[in-house]
2 protein chains.
Amino acid sequence: MLTSRRRGVKTRLRQNVQSEGGTALAARDTSPRTPELSGRKKRGVSIADVARLAGVSSQTVSRVSTGHPRVIASTRERVLAAMEELGYRPNNAARALRLGEFRTIGVVLFTLSTTGNSRTVEAIADHAAAEGYAITLIPVASPTQDDVLGAFTRLEELAVDGVIVIMEVHLLDAATVTLPPGVQVVVVDSDAGDRYAVVDSDQFDGAGQAVRHLLDLGHRTVWHVAGPTGSFAAERRANAWRTTLQEAGRRVPAVERGDWSAESGYLAGVRLAERARCTAVFAANDQMALGVLRAFHEHGRAVPGDVSVVGFDDIPDAGCFYPPLTTVRQDFAEVGRRCVERLLRQIRREAVEPGMALVPTRLVVRHSTARPR
Amino acid sequence: MLTSRRRGVKTRLRQNVQSEGGTALAARDTSPRTPELSGRKKRGVSIADVARLAGVSSQTVSRVSTGHPRVIASTRERVLAAMEELGYRPNNAARALRLGEFRTIGVVLFTLSTTGNSRTVEAIADHAAAEGYAITLIPVASPTQDDVLGAFTRLEELAVDGVIVIMEVHLLDAATVTLPPGVQVVVVDSDAGDRYAVVDSDQFDGAGQAVRHLLDLGHRTVWHVAGPTGSFAAERRANAWRTTLQEAGRRVPAVERGDWSAESGYLAGVRLAERARCTAVFAANDQMALGVLRAFHEHGRAVPGDVSVVGFDDIPDAGCFYPPLTTVRQDFAEVGRRCVERLLRQIRREAVEPGMALVPTRLVVRHSTARPR
DNA sequence: ATAGGCGATGTTCACGTGAACATGGTGTGG
DNA sequence: CCACACCATGTTCACGTGAACATCGCCTAT
């Protein structure tokens, strides 16, 4: 929901038709090519210009602009008319300087190339926008300490009120990083629950569901293609797999380990395909499951006839794998939403609940799993 | 490359160990839980505080902070020491207000959920960071005019020096949007080359390569699973497909149309699988190709034995499809890089080349294509 | 009728920074 | 030995905004 104080102006500005100050961005526009280039980098229209034209004080303009209630309707109209005529836009830098807050959230991450990250970021951006906050992306080139440190150093100079960190916080452990005073932190995909607010999918429960599903179908035990060491998500999924097998009194096979990529899943799958006794595989994500499927196909082992495969994430393509993949759905949108909610609460100094917020996961059964022959 | 004027401070601040002002973010830290919450939202350390401690004027501090050359070494040392002691960070809002620029680029897009978008954004973020610019994400909820307009309205209030628009600009055509004066625009994935600077992959050439590859293998003609109408990328790929077939004097079959999703590719694939004469399919992206593969498998038509399939994008998983997908690689990183480069040139009022910059695409031959029987 | 209050608007000022201009000291060339 | 140049540093100020406080006029309660 938009902060109501801003909505007044916004709604008006939206009706903006062709103001002098701006550059038109319309197809029917017949102005010269690349019209935006003609715009001089002149000083923008300030509150004072509007005040002069409207014949009021600049403070009254400010009141209109912030949606302050104590402005009489006729005055407000006059000011809004002046704003439109001049093409006035509030200067965010000045506003931020005055208010001491930036209405901006920084998002620190390694990559947008994983489904989980990009969808989480998308949800974060959507919800932040709805709350009137902008999102600044702070990419970390690689998961090395140097680069992480660099990102946080950059962060220090950035204009953000809070940060959402989407990565393994233990990468920061060896480093000492200072955050600007007052900057709040929420962490995703990590077990730093004792030090930071953490939001994450319920990895453990999801992985447990996957394994139990396979056992319930009648498989003796379940092999596991794990994610890389050092990833909490991978560790938690592997733990759940192991625990679930142990609780059911089953043998725990050796772990195959990948790096989340389909290619690494394929390599693991090739190794598994050679074990005749392997009838059920739980891959720690859908990409690796895809690689596993390919490996079994190439080795003539039918899925789900000979071997059952379960993934994790439920990426949009999973339903079109061959065969359609049984997998654990993560609600990334909800994770993003809760991150923003929690961070904003911290920024506003409202009641702060430390610890970890878990978003439920859910097994989606498709056609890659069946009873063993 | 970082603007060298900033690098001086940056390098120093990085050595920051445990400054008073900030909140420690270290594992070994034994301070109370969620330490960042203890930080009062007090006014930060300003240039004046540093000046006082160092016994110099605030202007000298500013000179050190901006890397001005006219500061004697001993003074510089003293100032840097004071900065570290106080945990000083430049206030970006004040800096932006003073300089009239924000060192920020806005990125307008609908979704991060497509491989192309998320990888392009990632590249944009990386290169912008390297140039000392931050990235602000401006999500557009849906490709409706209302939402697009809303995003641009929000943009008006945002603190950005330039904008990269990743979407079909024709969505803006019916609307009249005003951009803040001086804000520059670069567009991806659109044919607005006459109005804006445009950067895009060479869709036409890539699709041509795909079709020629299939014809060269000996296929009579090639079916096409196109992207949604209204997408320039989809249109351009379809055009290239048609043109290439016509130039080779081949029959042009009816187009199957999808919406980029694997599911839609599957539905198109089911229809194609029923046509016995269909021996070669060019899908407009890899997701739809995945769906096509599944459809052919389910219909007992071997790939590449009975039917050859080519995709577009070369998503990381394509090499692990079953069979590994022959596809057209897009260099999203390069697209992102060029966007930033071009936009920064415009922002800096350097030589401006209007029109479209095309990034080459390249066919990657894997195992989903073969000679027809 | 009048005091008191309150609502609408105006005036002042500080937020933190860095450009422009000012100052003062040192070195060098005539 | 003086004049001038040049360099390190200081002083002043404006950038655009909105909070705090001030003012003014009208309405209401007594």
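Convention: sequence-line order gives letters A, B, ...; per-chain numbering from 1.
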Taking CD from B/Glu101 and P from D/dG16, how many angstroms apart are they, rounded to a whole number? 15 Å
I need the CZ-C1' distance between B/Arg89 and C/dG16, as an integer number of Å. 16 Å
Identified side-chain contact (heavy atoms from CB on, under 4.5 Å) partner of A/Pro139 from the options B/Val121, B/Asp126, B/Ile135, B/Ile124: B/Asp126
Side chain to side chain contact (heavy atoms under 4.5 Å, CB included) between A/Val108 and A/Ile166, intermediate numbers included: CA-CA 6 Å; A/Val108 178; A/Ile166 308 186; over 6 Å; no
Between B/Arg95 and B/Ser65, is there a side-chain donor-acceptor contact under 3.5 Å, judged purely by atom types and distance? yes
Between A/Arg103 (CZ) and D/dG18 (P), how many Å, whole number? 12 Å
Atom CZ of B/Arg98 and atom P of D/dC13: how far apart are they, to the nearest Å? 13 Å
Under a 4.0 Å threshold between the charged nitrogen and the carboxylate oxygen, would B/Arg348 count as salt-bridged to B/Glu101? no
Quick one: is C/dG16 close enough that its OP1 or OP2 comes under 4.0 Å of any side-chain N or O from B/Arg95? no
Has A/Arg70 got a side-chain N or O lying under 4.0 Å from the OP1 or OP2 atom of C/dA8? yes
Describe the nucleic acid contact of A/Ser58 in one word from base, sugar-phosphate, nothing, applying a heavy-atom distance below 4.0 Å. nothing
Residue whose nearest DNA chain D nucleotide is more 5′ - B/Arg78 or B/Ala94: B/Arg78
From C/dT17, D/dG18, C/dG16, nucleotide with atom closest to B/Leu97 side chain: C/dG16
Euclidean distance, atom NE2 of residue B/His68 to atom P of D/dA8 [Å, nearest integer]: 10 Å
How close or far is atom C1' of C/dA14 from atom CD1 of B/Ile47, stated in whole angstroms? 16 Å
Can you check side chain to side chain contact (heavy atoms under 4.5 Å, CB included) on B/Val188 and B/Cys339, steps first, answer last? CA-CA 8 Å; B/Val188 186; B/Cys339 281; 3.4 Å; yes
Would you indicate which nucleotide in D/dT17, C/dT9, D/dA8 comes nearest to any side-chain atom of B/Ile72? D/dA8
Does B/Ala48 or B/Arg63 map to a spot on DNA chain C nearer the 5' end, using the closest nucleotide for each? B/Ala48
Rounded interatomic separation in angstrom, taking CD from B/Glu77 and P from D/dA8: 15 Å
Determine the contact category for A/Ser62: base if any of its heavy atoms lies under 4.0 Å from a base atom, sugar-phosphate if only primed atoms, P, OP1 or OP2 are that close, otherwise nothing. base
Does a side-chain N or O of B/Ser46 approach OP1 or OP2 of C/dC15 to a distance below 4.0 Å, or not? no
From the options C/dT9, D/dT17, C/dG16, select the nucleotide whose nearest atom is closest to the side chain of B/Asn91. C/dG16
Per atom distances to the B/Ser57 side chain, the nearest of D/dG18, D/dT11, C/dG16 is D/dT11
Rounded to the nearest angstrom, tell me the gap between atom CZ in A/Arg52 and atom P in C/dG10. 14 Å
Per B/Gln59 side chain, nearest of listed nucleotides C/dT17, C/dG18, C/dC15: C/dG18
